[in-house]
Amino acid sequence: MSESRPQPPSPGPPPERPAGGSALSGRRFLRSAGYAWAGATHAYRHQANFRIECWAAVLALGLGLALRVPLAPVALACGLVLGLELLNTALEALVDLASPEVHPLAKIAKDTAAAAVLLASLSALVVGAVTFGPPLLRLLP
């Protein structure tokens, strides 16, 4: 006879968010942006890697302005890394909620999401080397 895992009591239906009208409503957009900002703020306060990546993005964009290089590839690379870090944080929270005990599939999910951030970070380094390399080399005597 197999034992089933005890289920926590259901907290009931999720709280309703206020109706916001049409998808093009400015009020709805601002409310959604507020939720997104709350998520980014939470990640900044509680995730050391996200803080490091934010400051690395600020430094990269500042260096790009100082060297007068095209900022689009730098901004895109930074946005990709930061966005994937936020997704990684969200996935880790969901995995912890769904599987509070250690489980091999939970480890795979977390490790794979972290690998996505690592791959994006390595790609951002390549973008930085290609974008900043030539102007920095010209500064050498």
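Along the sequence shown, residues are numbered consecutively beginning with 1. If you're wondering where the values come from, they're calculated on a predicted model, not measured in any experiment.
- Using a 4.5 Å heavy-atom threshold, the side chains of L63 and V74 count as separate.
- Taking all atoms of both residues into account, the shortest heavy-atom contact from A120 to L84 is CB-CD1, 3.5 Å.
- L136 contributes atom CG, which lies 5.0 Å from atom CG of L67 (distance to the nearest 0.5 angstrom).
- Shortest non-hydrogen contact noted between R45 and R51 is O-NH1, 3.1 Å.
- What you find for V95 and A106 is that their closest heavy atoms are CG1-CB, 3.4 Å.
- Tracing side-chain contacts under 4.5 Å through hydrophobic residues (I, L, V, M, F, W, Y), one never reaches L105 starting from L97; they form parts of separate clusters.
- From F132, atom CZ reaches atom CG of L125 across 11.0 Å, with rounding to the nearest 0.5 Å.
- Rounding to the nearest 0.5 Å gives a distance of 6.5 Å between CD of Q47 and NE2 of H42.
- The hydrophobic cluster around L82 extends to Y44, F50, W55, V58, L86, counting ILVMFWY residues whose side-chain heavy atoms fall within less than 4.5 Å of a member.
- To the nearest 0.5 angstrom, E92 atom CD is 11.5 Å from L87 atom CG.
- One hydrophobic cluster holds both L80 and V117 under the rule that ILVMFWY side chains link at heavy-atom gaps under 4.5 Å.
- Listed by first then second residue, pairs satisfying side-chain hydrogen bond (donor to acceptor under 3.5 Å, both in side chains) with a partner in residues 107-136 read D96-K110, K107-D111, not counting sequence neighbours.
- Taking the side-chain contact (heavy atoms from CB on, under 4.5 Å) definition, one finds that R138 meets it with P134, P135, sequence neighbours left out.
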